[in-house]
There are 2 protein chains.
Amino acid sequence: MTSLPSLLGDLDPTSDRAVFRQIADQLREAIDRGRFKEGEKLPSEAELVEHYGVSRMTVRNSFSVLQGEGLVHAEHGKGVFVRPRPPVRRLASDRFARRHREQGKSAFIVEADAAGSHPQVDSLEVKEEKASQDISTRLGSVRRVLARRRRYLLDGRPVEFATSYLPLDIARGTQIAEPNPGPGGIYARLEELGHHLDHFEEEIRARMPSPTEVKTLRLASGVPVIHLIRTAYDTEGRAVEVCDTVMAADAYVLSYQLPAT
Amino acid sequence: MTSLPSLLGDLDPTSDRAVFRQIADQLREAIDRGRFKEGEKLPSEAELVEHYGVSRMTVRNSFSVLQGEGLVHAEHGKGVFVRPRPPVRRLASDRFARRHREQGKSAFIVEADAAGSHPQVDSLEVKEEKASQDISTRLGSVRRVLARRRRYLLDGRPVEFATSYLPLDIARGTQIAEPNPGPGGIYARLEELGHHLDHFEEEIRARMPSPTEVKTLRLASGVPVIHLIRTAYDTEGRAVEVCDTVMAADAYVLSYQLPAT
DNA sequence: CTCGCCCACTCGTCTAGATACCTAAAGGAG
DNA sequence: CTCCTTTAGGTATCTAGACGAGTGGGCGAG
């Protein structure tokens, strides 16, 4: 068996850096240098207790630092592992172009299939409800809205949770109010209904997830979420949809093109 | 003095939810409901130990949960406080439009002044260096680049750290290689040099900060970073600059306009 | 009144151990 | 051969206490 000292070095008792930080530093560095690879198991708490001659709480404290950085994750009864980086999904800024819409299936499905992963859509809920203050403002002072909620999964892993809000006078009684909005999604339906789309506006924030989001997206600790709020405007300048999306940040790269003019 | 029970309720010993999570839940809920306001001090560890009849480590564990969520922050010798949400800086997608460039001062300064805050640029470093693999690829296989590093502060708080990389054949010997690139910034200089800008491409990720980033941006725990990589293309399709930016996620909202075509 | 010290309060770090529960593999009963 | 039990080795949670180190207010000396 490889001895720990060869991988991990000693503590510096003269340093005023806390012991648990020194241990975290050494583990982090070992991970960065590839001494522990993605998915690989780190030394167990007991081994580190032995190696450094500290108490177990101190070792656990080190792990919790690394966990907060999203570098490792613990599995009860098994060990602590280097967190593998999942494949990311790239969202290009032309993802709502009409040419994509004119196909049959939803953008998510098409794209995932192309990337060779298994897509899934889940926990669909479509209902009328009272608009929150924020949604109401964005849609131009509507009281009630049609809300379409769904969760997207890639190879069984939830990656995104989204809710679309539409003014009732647009959506009620149309196929948009059905669980399955038909080919091309709700944007295709909106255009058929005479609401020709002009442009979208997207607002992006990043933050740590709420406990609910941790559950819904099955997030490991140390993984932030990207919160994206998109508003769709028709050619008359009216906001016809607001889509509120929370994405697992480790599963996404967003990409935008900006004109230089 | 207001008694804690009026704010915080009891533990449920029959629940299989860990005690420290129950405590964290109650504190989180109290914060969400506004019983503790932004910047306000939470009960001290000793008070919570007393109130719940648990050991101090258990209370600390609860705090560390909330800290990881970015909800609270501890100040040594003072207490644990509800983390105030700092004012955010909005980055609009037209922020690189020529009309903004034709003014004198840098976009950051102008914008911050307008918002009534005190802007500052800091730790400027301009030097030639070897391009990393990634930068080289983005710039089209260049070996060495001019790197311009700077840090942006708002009211004394660091909010963003950025490095621009330019091919040497473009930048060397020009004002771009000077610490102060002159009015309108490097994009104005590039255009003067005949590299007419056509469009930008931005890639956005969110993740937890590295220890270096925590230091540079003085980040509280539980605050992710937004990592933005922008590539500027001239009208001939050549990549003329790559700008790598790390932003404190709690200080920014990014905003983009997408055409619907 | 002012300055400086002390003390109470607060969070930070660490120890040493107890109990619970999860996982995987080995071994025995059927 | 299959299924259950046992066991070893992991992490999860919690306790009780010790010492360190910032912060800020009170109080006494001058």
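Throughout, a chain's letter reflects where its sequence line sits, starting with A, and its residues are numbered from 1.
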| Expected output: side-chain Arg151(B) to main-chain Gln120(B) donor-acceptor under 3.5 Å | no
| Distance-only polar pair, side chains of Ser164(B) and Arg230(B), donor-acceptor under 3.5 Å | no
| task | Assess the side chains of Glu202(B) and Tyr256(B): does a donor N or O sit below 3.5 Å from an acceptor N or O? | result | yes
| query | If only side-chain N and O atoms of Ser55(A) are considered, is one of them under 4.0 Å from the OP1 or OP2 phosphate oxygen of dG17(C)? | reply | no
| task | Under 4.0 Å from any atom of DNA chain D, heavy atoms only: list the residues of residues 68-76 of chain A that qualify, in numerical order. | result | Ala74(A), Glu75(A), His76(A)
| field | Length of the CG-P vector between Asp16(B) and dA12(D), whole Å | value | 16 Å
| request: Taking only the side-chain nitrogens and oxygens of Arg21(B), find out if one of them lies under 4.0 Å from OP1 or OP2 of dA12(D). | output: no
| message | I want to check one thing: is the phosphate of dG22(D), taken as OP1 and OP2, less than 4.0 Å away from some side-chain N or O of Lys78(B)? | response | no
| query | Can you list the residues that meet the side chain to side chain donor-acceptor pair (under 3.5 Å) rule with Lys78(A), with sequence neighbours excluded? | reply | Glu75(A)
| remark: Met57(B) atom CE is separated from dT15(D) atom P, nearest whole Å, by 11 Å
| request: May I ask you to evaluate whether Arg56(B) reaches the phosphate of dA16(D), defined as a side-chain N or O under 4.0 Å from OP1 or OP2? | output: no
| field | Gap between atoms CD1 and P, on Ile23(B) and dC14(D) respectively (whole Å) | value | 8 Å
| task | Figure out the CZ/C1' separation between Phe63(A) and dT11(D), and round it to whole Å. | result | 10 Å
| Has Glu50(B) got more than 12 heavy atoms of other residues, nucleotides or ligands less than 6.0 Å from its CD? | no
| note | Taken to the nearest whole Å, CD/Glu50(B) to C1'/dC9(C) is 15 Å
| request: Would you please confirm or rule out a distance under 4.0 Å between OP1 or OP2 of dG9(D) and any side-chain N or O of Ser44(A)? | output: no
| query | Which comes earlier along DNA chain C counting from the 5' end, the contact point of Gly77(A) or that of Val54(A), where each point is its nearest nucleotide? | reply | Val54(A)
| request: Could you tell me whether Arg28(A) and Asp32(A) have a side-chain N and a carboxylate O separated by less than 4.0 Å? | output: no
| task | Hey, can you tell me if His73(A) and Phe81(A) have their rings parallel, tilted or perpendicular (30° and 60° cut-offs)? | result | tilted
| task | Rounded off to whole Å, could you give me the CZ-to-C1' distance for the Arg17(A) and dG20(D) pair? | result | 18 Å
| remark: When rounded to whole Å, the CD to P distance for the pair Glu45(A) and dA12(D) reads 6 Å
| query | Can you tell me how far P of dC9(C) sits from CG of Leu48(B), to the nearest Å? | reply | 16 Å
